[in-house]
Amino acid sequence: MAARFKDIEEKWQRRWEEAGLHLAERDSRPKFMIIFAYPGVTGYLHVGHMRGYTYVDAIARYKRMEGHNVLFPVGTHATGNGAISLANRVAARDPDTLEYLLRNGCPQDRIEDLETPEGVVEFFNDVYVNDYWKRFGFLADWRRFTSSIRPDYSRFIQWQFRKLMEKGLLVQKPYYAPACVDCGPVAVDPSETDLSKGGGAEVNEYTLLKFRCGDELLIAATLRPETVFGQTNFWVNPDVEYARVKVGEETWIVSAPAARKLSFQMDDVEVLGQVRGKELLGMMCQAPMVGREIPVLPAGFCDPEVGTGLVTSVPSDAPDDLVALRQLQGDPSLMESYGLDPSVADIEVIPIIDIEGYGPCAAADSVDRVGITESGDPRLVEAKKQVYKDGHHLGRMNKLCTGYEGLRVEEAKERMRDDMLAAGEAELFHDLSEEVVCRCGGPVMIRRVDDQWFIDYADPDLTARTKAHCEEMGIFPAEYHHNVQAVLDWFRERACVRKGSWLGTRFPFDEEWIIEAISDSTLYPVYYIISMHANDGSLSPEQMGEDFFDHVILGRGDAAAVSRSTGVPVELLESIREDISYWYPLDLNLGGKEHMTVHFPAFLFNHQAVMPEDKLPRGIFVNWYITGKKGKISKSKGGAQPIPGAAEKFGVDALRLYYAHVASPFQDVEWDEDIVTSYRHRTERTMRMMEELHSLDGEDEGSVDAWMLSRMSRHVAEAGGHMESYDLRQMANVVYFDIPNDIRWYLRRGGRCRRTARKALDAWLRMTCPITPHIAEEAWESLGGEGLLSSAEYPAAEGTDPSSELGESYLRDVLEDVNEIVRVTGMKARSLHLYTAPEWKNLVQSMAVEMARAGELSVPALTKRAMQDERVRRNGKAASEFAKKVAQDTARRSAAELERLSAPIDELTLLQDAKGFLESELGVAIELHDAADPRHDPQGKAKAAMPLRPAMLLE
RNA sequence: GCGAGGGUUGCCGAGCCUGGUCAAAGGCGACAGACUCAAGAUCUGUUCCUGCAGAGGUUCGCCGGUUCGAAUCCGGCCCCUCGCACCA
C-alpha cells in the first residue's frame, strides 16, 4: 500500500504541476492571499513543522475550489548567523555536524557545497521546497519563492526602512545587548539558535553601589537598590583575587571577571592591579545614600562571576547576609582569625521594609521558619527567592528610610536607584544570570551600544492605530484576538540593526549596520508579488530603488517618470502596481505560537506604519506545536522523524489528515506513530467506502435516499461553515467521520440507489480534496470524474428534509429500545409487537410543540386547547393527564429540538416501510398496531405508547 | 512577576460563549458477536454503577452560590500549561 500511495502522490503532483494549478495570476475572480510565516533556514525541519504549513495548503485549496483566485507564495528567512555557524562547522568537518547531515538525507557529494553560508542557504531552500512542501502536495506559486538574503529582497527591506525613517519611527539611543565577543550580538533564548549554552539566561539590571574606602571605591552590584538603608556591613571573599580598575577618574575594586564585563559597558576601563580579598577585611567603608561607615567582613558566598564579586550586606531582607552575619558573630575564633574587631559582634539588623505576613525582619522570619543556620544551605536559594518576591510586591519602606518612607518597594527601587545615579553614588551594570556561550565557542557578554537604532514600536499613535485595526481583523484563536491588544501595548522599541558576523540587509542609512532578523521579516508578504519578476530576470536589484517601490507599492509618482528613472518598462511597472492593488492586503498569515509576541506584532506594526489603510492584513492564524514525548521535537536533540521518511512511511494524505484532525490547532499534540497509523487506516477506509458507494447500481429510491441526501446537504453546509472560520478540525470531523457514519447507516438500511450514491459521492469527494487531495483525485478519476478535482467547485448545500431525518432517528431509537430490553431481560424473543401512539396523543403533542415555539405553552393553556378538540376530550382523564405531562416535557425543550419535533412523520407508515429492515436487524417477527386499536395486547402495553416512542411487547 | 489559557467519563478529545435534547459527540483502545479454514479488514453490540421491559442512581478539578433546573452562569480554592523581545 505504501508504494501505491507514493505512486498516487507523484502522479497527481505531476498533473497539478502540468495544469499550472499552483500559478497565481490576476483575473476577475475575488482574490485570496495566504502565507505561512516563512521558516528560518536553520537546518532540517521535522514532522512537527509541517502542521502549520499543511493548514495553509488545505485552506488555500478550499478557497480555490470555493471560487477564489488564490495566491499562496513561500519563501525562507535566512537572516542571521545560523547558516554561517553551520557552514563553519561543515568547513571544519565537525563529526557531529556531518553525522546530522547524512542522517537527514544530505547526499555525501553535496557536503562540500555547505562550506559557505550562501551554500547552506541555497541547499536548504531546495530541501524545504522539494522535500517538504512539494512532497506534501502544496500548490504554492513557486515562481515567487524568495529568501531574505537575496539581493532583490534586500532592496525591498532597504526601502521599508526608508519608509520607517520617513515616518519618524527609527530612533537612536544606547542599548545593552547580549553579544559574543567574536561574532557580535546574539539571541539569548531557549531555542538556543545562536548559542551552544545558556539559552535560559536572563539579563539582569544591577545597580553598582560605590563604597568609599580611602582613595578607592569598593563596588557592590545589587538587584535591590532600595535596601541601602538596611546596610550593616560589606562582604568580600577573602580568597578571591580582586582587580583594581581605573574607571574614568575613579579607582574601583571589583572581581576580575566583572572588570572584563565592565569594559564592554563603560568607557575608559583600565585594570591597574590586583588586591586579595583578605587584605580588605576589617577596613571601614562608607555606604552610599546613608553615608554610614560599615566594616568589610568575610563571606564565602561572594562569587567573582556574579555581579562584581563584592556584596553589600542587608541582613534584614537578604537571607544570605543574615545567615553569614550570624555565623560570623557566633564564632569569636573565626572573627579573631581574620583579625576583626570584636565590635562586629554588636552589629544589629536594621529593619527597613514592612511586608505583609512577615515580622520587621523578613530574612530572619524566612530563615528561622525552616531553621537555616549555615551559609551554603541549599534551602537559602528558595528562601531568598521568596523573600525577594514578597518584598517586591507586598513590601513598603518603613520610617527609617528617610525620604522614601511609606513607598511601595517597587516604586522605592526606581526612585532610590535614580537618586543614587544622579548623585554619582551608583552606576548601572547589566549582566547575564548564567554563563552563556556562543555557537562559535566564545563567551557571551552584555555590551553597551551607544548609537543603536531602534524601531519605535512604542509610538503611541502607531500603537493605537494598530490596536484599533486588530479589533477588526480575523485573528484565530479568539484568545489571541483578545490578547494581542495587551501584546501591542507591551511591545517596546526594538533594536533593529546590529554589527558582526551576520547575513542580512545593510542598513540604508549606515552600511556598517546589518538589519536584524525580526525586523526584516515583517512586511515581506507584499514582496512575493514582486519577487517573481526579479526571479525571471525582468527586474534587476539595481532597478529596485526607492522610486520603484514607492510607485508599485504606494502608488507614488507617474509610471512614465518612474520608468525613466529606474529603467523598468512602463508596462511592467503598471502590471506590478495592478498586481499589488489586486492581491494585497494579505488575507491570512499563519504562524506558530512562538510568533505571538515577536513576529505578529512586528508584522502588524510595520504594515500599519508603511502601508495605506486598505492594505492592512486581514487575518492571523496561530497554530500550536507537535511535540515529542518530552517537550518539543527538536532537530538539535535528535530522534525526530525526518519529513520525507514520514511521508514514505504513512503517506502524505494520512499525515495531512492527521495534522488537520488530531486536535484543535490551538493545542500542542504529542507525536505518536500509532495515532498517525490510525489516520492512515482512515484514509484507506475512506477510499474503500468511496469505491463501495460507486458500485451501487440500484434504481429504487426509498425514504432512506431522501435521508441520505438531506444529511449530505447538511454536512456540506457544516463543512463549508467550518472552513470559513478556518476550522479544519471540525471540517475534517464532518468529512472523514460523520459522513462515513451516515453512509454506513444508508447501506445498513438497504440503500442501494445509484442516483443517490453518485450524488452523495460527488459531494463527498469534493469535500475531501482540500485535506487529502491525492487520494481524492485518484478516486475522482477512477470513478469517472472529469478533469482535475482540485480545480473543481466545492459542493453547494441544497435543502434538508427534516421529516426523513426525524424518521431515521426514530428508527434508530426503536432499535436501541428493543436492544436494551433484550439485553436487560436476557430473553430470546421471537416476536415483537409495536404500538404507535393514537392520533389524539399526536394531536396534543403537535399542539404543545406549536405553542412552545410561539412562546405560549403552559400546562393550563395546553390542557384547555387540547380539551377543546373532541378527539382528545373523549379520552377524559387520561387526556388531561397526558396534556399536563406533554406540556411539562415540551416546555424544557430547546428551540432546535422543537424545530426537529415539528417535522411531520407518520410512524405507522414509517415502521411499515422499515419492517423488513427491523426484522432482519432484530431477528424477530414484527407486528404493528395502532395503540388506539391493538389487535393483540395481552399485557396492556399499548396505552404506554407516546408520540415518537412506540410501546412494545416482546414475546 | 506581567499577559493568556486550561482541568470532562480507560486514553485522546467535543460540549461550556447562547443553562434544559448531557451519562455527555467522535476517535482510539478493550470486550463480545457476525463473517472467515484462520488472521487481518469489515459489520453489529457493549464499554461509570445497578437493573429479567425500554429505567434508576452517581458523575464533568474542589468548595460554595444563582436558578424550577448547571459540565455549562457567578465567587473562592487547588493544580497544570503557554508566551514574555533581537529565535520566522
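Lettering of chains follows the sequences in order, A, B, ..., and the numbering in each one begins at 1. Below, each value reflects all heavy atoms present in this structure, side chains not excepted, and no hydrogens, waters or symmetry copies.
- Atom CG of A/Leu922 is separated from atom C1' of B/rA53 by 15 Å (rounded to the nearest Å).
- Annotation: A/Trp490 is not in aromatic contact with A/Tyr457 [ring centroid separation under 6.0 Å not met].
- Straight-line distance between the C1' atoms of B/rC22 and B/rU59: roughly 11 Å, to the nearest whole Å.
- Taking the centre of each ring, A/Phe36 and A/Tyr55 stay at or above the 6.0 Å mark.
- With hydrogens and angles ignored, the 3.5 Å screen pairs no side-chain donor or acceptor of A/Thr522 with any backbone N or O of A/His599.
- A/Asn741 comes within 4.0 angstrom of sugar-phosphate atoms only, judged by non-hydrogen atoms across all strands, and of no base.
- Aromatic ring centres of A/Tyr44 and A/Tyr128: separated by at least 6.0 Å.
- Under the Watson-Crick and G-U wobble criteria, each requiring two contacts below 3.5 Å, nucleotide B/rA55 is paired to B/rU50.
- As rounded to whole Å, 17 Å separates atom C1' of B/rA88 from atom CZ of A/Phe621.
- For A/Lys941 and A/Tyr835, the positive end is not near the middle of the six-membered ring at less than 6.0 Å and at most 45° from its axis.
- Between the OH atom of A/Tyr679 and the C1' atom of B/rG27 there is a distance of 6 Å, rounded to whole Å.
- Ion pair A/Glu805/A/Arg711 flagged as a salt bridge, since at least one NZ, NE, NH1 or NH2 atom sits closer than 4.0 Å to an Asp/Glu carboxylate oxygen.
- Judged by closest nucleotide on RNA chain B, A/Met596 is the one of A/Ala177 and A/Met596 placed further toward the 5' end.
- Pair check for B/rG45 finds B/rC31; Watson-Crick or G-U wobble, both atom distances under 3.5 Å.
- Using a 4.0 Å heavy-atom criterion, one finds that A/Tyr38 contacts the bases of the nucleic acid, with or without backbone contacts as well.
- Distance from the side chain of A/Val824 is smallest to B/rG51 among B/rC28, B/rG51, B/rA41.
- Remark: B/rC68 base-pairs with B/rG20; criterion is Watson-Crick or G-U wobble with both hydrogen-bond distances under 3.5 Å.
- For A/Arg494, whose side chain is taken as the heavy atoms from C-beta onward, the closest listed nucleotide among B/rA85, B/rA88, B/rA53 is B/rA85.
- In this structure, the nucleotide among B/rC84, B/rG54, B/rG26 sitting nearest to the side chain of A/Trp490 is B/rC84.
- With sequence neighbours excluded, no residue satisfies salt bridge (charged side-chain N to carboxylate O under 4.0 Å, His left out) with A/Arg51.
- Contacts of A/Ala602 with the nucleic acid, taken as non-hydrogen atoms under 4.0 Å apart, are absent.
- Remark: A/Arg729 pairs with no residue by the salt bridge (charged side-chain N to carboxylate O under 4.0 Å, His left out) rule, at least two apart or across chains.
- Across all strands, A/Leu901 comes closer than 4.0 Å to no nucleic acid atom at all (heavy-atom distances).
- Rounded to a whole angstrom, the distance from the C1' atom of B/rC43 to that of B/rA4 is 47 Å.
- A/His77 comes within 4.0 angstrom of sugar-phosphate atoms only, judged by non-hydrogen atoms across all strands, and of no base.
- For the C1' atoms, the distance from B/rC73 to B/rG51 is 35 Å, rounded to whole Å.
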How would nucleotides 8-25 of chain B be written as a contact map, 5' to 3', with B for base contact, S for sugar-phosphate-only contact and - for no contact, using protein heavy atoms under 4.0 Å? -----SS-----BB---B

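- Checked against B/rU42, B/rA85, B/rG51, the side chain of A/Phe491 finds its nearest nucleotide in B/rA85.
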Report, one pair per line, the protein and nucleotides 44-48 of chain B atoms (nitrogen or oxygen only) whose separation is under 3.5 Å.
from, atom 1, to, atom 2, distance (Å)
B/rU44, OP2, A/Arg744, NE, 3.3
B/rU44, O3', A/Arg748, NH2, 3.4

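- The separation between A/Glu684 atom CD and B/rA41 atom C1' is 10 Å, rounded to whole Å.
- A donor-acceptor pair is defined here as one N or O able to donate and one able to accept, closer than 3.5 Å; such a pair exists between the side chain of A/Tyr153 and the backbone of A/Asp520.
- Considering only side-chain atoms of A/Arg682, the nucleotide from B/rG27, B/rG54, B/rA88 that sits closest is B/rG27.
- A 3.5 Å limit on both hydrogen-bonding distances identifies no Watson-Crick or G-U partner for B/rA85.
- Looking at heavy-atom distances under 4.0 Å, A/Leu747 makes no contact with the nucleic acid at all.
- Taking atom C1' on both B/rC2 and B/rG19, the two are 35 Å apart, rounded to the nearest angstrom.
- The nearest whole Å value for the distance from the CZ atom in A/Arg685 to the P atom in B/rG26 is 14 Å.
- Across the strands present, B/rC62 finds its partner in B/rG76; the criterion is a Watson-Crick or G-U wobble pair with both atom distances under 3.5 angstrom.
- Atom name C1', nucleotides B/rG40 and B/rC78: the rounded distance is 48 Å, in whole Å.
- Within 4.0 Å (heavy atoms only), A/Pro950 reaches at least one base atom of the nucleic acid.
- Contacts of A/Glu691 classified as salt bridge (charged side-chain N to carboxylate O under 4.0 Å, His left out), with partners at least two apart in sequence or in another chain: none.
- Atom name P, nucleotides B/rC77 and B/rC28: the rounded distance is 42 Å, in whole Å.
- For B/rA24 and B/rU9, the P atoms lie 15 Å apart once the distance is rounded to whole Å.
- Across every strand in view, B/rG40 sits unpaired, with no contact that passes the Watson-Crick or G-U test at under 3.5 angstrom.
- For the pair A/Tyr153 OH and B/rA88 P, the interatomic distance rounds to 11 Å; values are reported in whole Å.
- As judged by a 4.0 angstrom heavy-atom cut-off over every strand, A/Ala517 is placed among residues touching the sugar-phosphate backbone only.
- Among residues two or more places apart in sequence or in another chain, the side chain to side chain donor-acceptor pair (under 3.5 Å) test is passed with A/Arg682 by none.
- Among the atoms of the strands shown, none is found under 4.0 Å from any heavy atom of A/Tyr480.
- Straight-line distance from the CE atom of A/Met946 to the C1' atom of B/rG54: 13 Å, rounded to whole Å.
- Computed from coordinates, the A/Phe476 CZ to B/rG5 P distance equals 17 Å when rounded to whole Å.
- The pair A/Glu718-A/Arg714 does not meet the salt-bridge criterion, since no charged nitrogen lies less than 4.0 angstrom from a carboxylate oxygen.
- Taking the C1' atoms as reference points, B/rC79 lies 35 Å from B/rU46, given to the whole Å.
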Determine, step by step, whether A/Arg812 and A/Glu816 satisfy the salt bridge (Lys or Arg N to Asp or Glu O under 4.0 Å) criterion, reporting the C-alpha distance in whole Å, the side-chain angles of both residues, the deciding distance to 0.1 Å, and the verdict. CA-CA 6 Å; A/Arg812 284 192 204 222; A/Glu816 249 176 57; over 6 Å; no

